[in-house]
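Data block below; observations after.
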Amino acid sequence: MATAVQTVERENYLNSNYGIKSWLLTTDHKRIAVLYLISITAMFWLGGFFAMMIRLELLTPAGDLVSSDTYNKLFTMHGIIMVFFFLIPSVPAVLGNFLVPLMVGAKDLAFPRVNLLSWYLYMAGAITALTAMVTGGVDTGWTFYTPFSTTYSNTHVIGAAIGIFIAGFSSILTGLNFIVTIHRMRAPGMTWRRLPLFCWSNYAAAVIMVLGTPVIAITLLLVALERAFNIGVFNPQLGGDPLLFQHLFWFYSHPAVYIMILPGMGVISEIVCCFSRKRAFGYEFIALASIAIAVLGFLVWAHHMFVAGISVYAALVFSLLSYLVAIPSAVKVFNWTATMYKGSISYNTPMLYAFGFIGLFTVGGLTGIFLSSLGLDVHVHDTYFVIAHFHYVMVGGMVMAYMAGLHFWWPKITGKMYPEAWAKLSALLVFVGFNTTFFPLFILGYMGSPRRYHAYPPEFQVLNVLSTAGASILAVGYVLPMIYFVWSLRYGADAGPNPWNAVGLEWMTSSPPPTHNFDETPVVTWEAYDYEHQPQEEITVGH
Amino acid sequence: MATSDIGDIQVAERALQHHFADMEQQRETSSFGMWMFLLTEIMFFSGLFCAYLVYRASYYHAFVEGSQKMNITLGATNTAVLICSSLTMALGVRAAQMGKPKLMAILLLITILFGFGFLGIKAVEYHEHWVNHEFPGPNFHFETGDPAHPATDAQHTEIYFSLYWAMTGLHALHMVIGIGLVAWLVIAGLMGAYTPHYYNPVENVGLYWHFVDLVWIYLFPMLYLISKKHGG
Amino acid sequence: MWKNFPLFPERASALAWQVDGLYFLLIAVSAFFTLLIFAAIFYFAVKYRRSVHPHAVQIEGSLPLELAWTLIPLGICMIFFAWGSLIYFQEARPPKDAMEVYVVAKQWMWKFEYENGQRDINQLHLPVGRDVKMIMSSQDTIHSFFVPAFRIKADVLPGRFTTTWFRPTKVGTYHLFCSQYCGTNHSAMIGEVIVMDPVAYQAWMSGGAGGSSGTLAANGQQLFQQLGCATCHRADTQGRGPNLVGLFSKPVLLDDGRTVMADENYIRESILNPGAKIVSGFKPIMPTFQGQVSEENLMALVAYVKSLAQTQPQGGANDVSSAPNTSNVQ
């Protein structure tokens with residue numbers, strides 16, 4: 001057992017003061033991270049509930065469980081909640097918020113009040129969007145394609161658009177805070193080459209948040225204005241161009257998937273190094289790959305529009321660029337794998353999730369190559385193939401990474417260990433459940449099953465039943481951590497400052513960290529992932 | 001002199017937030033943050049600029065007709081007003097830097113006046129457009145005035161006006177926020193919040209104000225001027 | 001293929017083989033890399049587990065390796081890029097002699113109109129072995145024309161024509177899906193593509209299932225007279241508007257110096273938004289017909305203007321009449 005101080009409980013960010021006000025008015029990045037954790041967990045369950053309803057409806061070919069309008073609202077709300085209110089804030093706003101200042105050796109983010117404001121904006125956006133959903137729902141799909149969203153939908157599009165508009169500013173402010181913090185708040189000796197890869201990838205994601213989010217904000221504002229005043233900007237009957245909406249929408253929403261996945265990649269880099277006891281293989285290449293993804297990610301948006309009526313030559317250019325953005329992702333996968341070579345590997349839960357991430361992200365990434373092949377994309381575009389690809393990257397990749405990171409830093413956040421055996425079981429269930437849910441969708445997609453179909457031809461049923469069965473396993477895999485994480489708050493073993501014997505500044509302070517993070521400003525004299533000089537000891541806690 | 005210096009430094013120390021090592025770091029950080037924020041703002045407006053350019057290319061004549069309805073005199077006056085306000089803003093920042101809070105307050109108050117002047121003139125223009133049914137929506141009405149292009153579709157002019165209202169409206173909203181921020185600086189400045197050692201808020205609001213002016217410097221020619229004489 | 005549990009779509013167009021070939025190659029390459037990564041992870045995880053390998057060997061990285069796994073995937077990707085683009089180019093270029101079907105999509109229905117004027121709803125009858133070009137537009141929101149068995153898909157937009165083409169190679173009935181979400185009954189916006197042998201197709205055609213009243217182009221000609229187009233667009237040089245004989249798929253010189261191709265979308269735009277592109281030497285006097293012609297009538301008009309190109313050499317005065325057009329061409 002770790003040597004926890006038994007007599008007087010050390011002051012930390014959780015017990016420094018109490019009361020609801022001390023949380024709602026806090027400017028401590030760690031408390032704000034916890035606020036985010038609670039809010040996005042709620043959103044995850046809500047979005048997950050809608051997903052489960054969708055899968056239940058798809059058990060039978062006929063649309064018999066819910067009406068088609070209800071079904072359309074279900075997948076729209078699933079998409080909006082999961083994309084804008086779970087995936088985008090998940091790793092940056094929870095883990096990034098908690099860890100970036102700790103990792104660079106700062107007392108807080110550069111703008112603590114702005115950080116709190118961003119949580120309030122997130123909540124305001126979420127409540128606005130949820131109000132729109134509760135009072136009638138939205139049925140446009142999370143993509144809000146015009147002119148359907150502006151003219152033909154009879155649902156609460158304005159409310160949902162305004163909700164996302166507001167939440168967008170939360171994302172912008174978080175990104176801005178990360179960029180400034182990483183530039184200006186690093187501890188003495190924490191050079192760019194010593195920066196943890198988690199910070200590099202959050203930095204890259206933050207660049208996208210700052211540059212991309214305003215464009216979706218203004219686009220959705222135009223959609224809302226068009227609905228309210230019929231201004232005609234996207235309405236072809238008034239001379240507007242619906243394709244302009246798609247360009248503006250994907251200019252953000254494609255890079256947005258990199259906002260989602262890049263921080264997850266950072267989590268995996270940390271975990272693979274820690275449980276292999278090794279410096280990251282090709283540290284510079286992993287770091288630069290993050291930046292390359294962020295930059296190239298801005299240049300590929302029209303690959304969502306190969307069949308939308310864009311010119312052949314535009315399609316050619318965007319196809320080529322889409323292949324290029326695949327390369328840095330591949331570089332990362334190869335480097336993680338190579339990091340394990342001649343390591344000293346232990347199979348703790350975060351590492352199991354990381355294995356899952358690397359495998360599933362590989363599948364997700366490779367199927368992305370299918371979609372960037374012009375001739376093939378024509379066939380699989382807007383089918384379940386795209387659904388499967390997206391979920392392999394987002395759920396198999398991003399959510400796996402989020403779970404990995406949550407297990408890895410749970411001892412740091414709460415000071416308690418989660419139960420290792422249950423956690424390993426949940427990792428296994430998630431992996432099996434996930435593949436059962438989403439692999440059949442690749443096959444369905446190539447057979448031509450279109451997405452967003454409430455009822456489908458009967459020959460597609462067997463694979464749909466398989467997928468729904470997998471979804472129920474996946475659900476159990478997600479419910480378990482929810483239970484044992486809460487359980488561990490009271491009954492978990494004390495973690496001690498560094499249960500994984502990991503390197504990195506966040507492990508050099510107590511768990512949970514004190515309000516000011518470090519008793520004195522750390523001075524960094526060692527290289528990143530300096531596992532060579534970290535004394536080797538067996539991990540004994542947490543059983 | 002020496003005592004006031006010490007006083008300044010004490011004010012500065014009070015202004016130093018706990019998570020910064022020193023004033024220098026705090027100053028650099030906040031100004032860096034402001035620049036990042038302005039980058040976001042540029043992207044925010046660029047979505048609209050992009051829509052404007054696309055539609056201007058598609059419906060050139062309709063856009064020319066729309067821009068004929070702009071009051072160039074008022075627009076030019078407003079441009080001058082904003083440039084003057086930027087000057088007083090810059091002088092105000094300089095005054096704060098030199099440790100002259102009263103001078104700063106006066107200069108910033110003039111800036112606010114210019115700001116209100118801009119909004120007032122803009123309101124006159126908006127009113128003109130409103131009574132002429134040049135507001136997009138069910139009441140929109142537009143007579144094509146160019147005999148050379150009778151076929152020009154009023155609908156496409158409506159898109160011009162949609163973009164005009166959206167862009168200038170968003171700009172005006174930024175002006176309102178800017179006026180609020182400058183007013184806050186005046187009050188805080190008179191209460192002695194800023195010294196030569198600590199005036200980053202003044203500097204940052206100044207950056208914001210200049211940015212908002214700069215947006216107008218692009219909006220004015222795009223909406224009022226560049227299509228004006230090319231109707232034929 | 002199993003009847004009730006198929007794992008692969010039917011292959012019923014000339015292009016389907018190419019798409020499938022690319023697909024199989026991609027599967028092979030993806031499977032190789034996926035297995036490579038899985039195997040490497042598994043092997044390292046077992047071989048270097050802490051109980052047998054307690055001390056990690058620190059390795060900084062390797063430039064040759066980094067270059068290898070940057071450049072090799074890049075090279076492989078370029079092969080896919082080239083192949084995928086070749087297929088896309090073929091899909092984008094319909095053969096000149098393809099039979100044409102006009103499609104109007106609306107919530108939640110597919111309306112087809114054949115060259116002979118016959119109409120179909122949610123059923124598309126085609127002869128096997130002939131190239132078919134679909135000229136499509138939507139009456140309301142965006143839809144997408146998707147026939148999995150042909151491996152083709154194209155969005156159907158309001159306010160403009162989009163086209164796609166294919167050559168059915170196998171007699172049978174195939175799914176037609178709308179693949180762009182379009183509202184409440186999106187999943188009911190489905191239909192059948194019925195590919196028939198030429199004899200059966202002829203029989204169906206002469207059966208007059210749609211109750212046609214003349215060919216599409218003839219209907220267009222009638223409209224052309226009714227709407228008064230013919231008063232200006234005369235078949236000689238005296239008209240106030242450009243002569244339309246021989247116009248289609250020729251370049252047109254505009255008064256601002258640009259040259260555009262007279263394709264379906266150009267004709268459509270000239271009817272609905274005549275001020276957008278003024279032919280050199282003419283005055284912008286044509287009124288807009290936006291809101292006055294339905295999507296179907298618009299297609300008939302376009303079909304008529306296109307038919308004028310095919311009947312170009314009519315002798316006599318018409319030979320001269322085509323002169324102003326060609327003189328506009330630079």
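A, B, ... follow the sequence lines: proteins, then strands. Residue 1 opens every chain.
Annotation: maximal heavy-atom pairing with chain B below 4.5 Å, among A:L225, A:D241, A:T219, occurs at A:D241. Interface summary for chain A: among B:Y59, B:W165, B:F20, B:Y55, the most heavy-atom pairs under 4.5 angstrom belong to B:Y55. Of the residues considered (B:T40, B:L163, B:L39), B:T40 shows the highest number of contacts with chain A, using heavy-atom pairs under 4.5 Å. Chain B forms more heavy-atom pairs under 4.5 Å with one residue of A:N517, A:L248, A:V233 than with any other, namely A:V233. When each of A:T521, A:L222, A:N235, A:V210 is scored by its heavy-atom pairs under 4.5 Å with chain B, the top score falls to A:V210.
How far CZ of A:R184 is from OG of B:S31: 7.5 Å, rounded to the nearest 0.5 Å. Between atom OG1 of residue A:T515 and atom NE2 of residue B:H18 there is a gap of 9.0 Å, rounded to the nearest 0.5 Å. Atoms NE2 and SG, on A:H247 and B:C50 in that order, are 8.5 Å from each other to the nearest 0.5 Å. Of the inter-residue distances, the one linking B:M43 atom CE with A:I172 atom CD1 reads 10.0 Å to the nearest 0.5 angstrom.
The part of A:F169 that comes within reach of chain B is its side chain, from C-beta onward, which places non-hydrogen atoms under 4.5 angstrom from that chain. Residue B:F135 touches chain A through its side chain alone, counting heavy-atom pairs closer than 4.5 Å. Proximity to chain A is absent for every atom of B:S58, based on heavy atoms less than 4.5 angstrom apart. Heavy atoms of A:F251 lying under 4.5 Å from chain B belong exclusively to its side chain. Both the backbone and the side chain of A:L211 come within contact range of chain B, judged by heavy atoms closer than 4.5 Å. Within the 4.5 angstrom heavy-atom criterion, no atom of A:M209 approaches chain B. Of the atoms belonging to B:I42, not a single heavy atom falls under 4.5 Å from chain A. Both the backbone and the side chain of B:E28 come within less than 4.5 Å of a heavy atom of chain A.
Among residue pairs with one or both ends in residues 173-188 of chain B, those qualifying as side-chain hydrogen bond (donor to acceptor under 3.5 Å, both in side chains) are B:E41-B:H174; sequence neighbours excluded.
The local environment of CG in A:N154 is sparse, with at most 12 non-hydrogen atoms from other residues, nucleotides or ligands closer than 6.0 Å. In A:R227, the CZ atom is crowded: over 12 heavy atoms of neighbouring residues, nucleotides or ligands sit closer than 6.0 Å. No more than 12 heavy atoms of other residues, nucleotides or ligands lie within 6.0 Å of OH in B:Y218, so this atom counts as exposed by the packing criterion. Within 6.0 Å of CH2 in A:W192 there are more than 12 heavy atoms belonging to other residues, nucleotides or ligands.
Minimum heavy-atom separation, B:G33 to A:V180: CA-CG2, 3.5 Å. The shortest non-hydrogen separation linking B:G47 to A:I218 is CA-CG2, 3.9 Å. Nearest heavy atoms, B:T29 versus A:A110: CG2-CB, 3.5 Å. Between B:I159 and A:G240, the shortest heavy-atom contact is CD1-N, 3.7 Å.
The closest side-chain heavy-atom distance from A:K107 to B:Q17 is not below 4.5 Å.
Looking only at distances, no side-chain donor or acceptor of B:H19 sits under 3.5 Å from a matching main-chain atom of A:A106.
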Show your reasoning for whether side-chain contact (heavy atoms from CB on, under 4.5 Å) applies to B:F37 and A:F111. CA-CA 12 Å; B:F37 178 72; A:F111 308 111; over 6 Å; no

Test side-chain contact (heavy atoms from CB on, under 4.5 Å) applied to A:I179 and B:F32, step by step: CA-CA 9 Å; A:I179 293 177; B:F32 188 71; 4.0 Å; yes

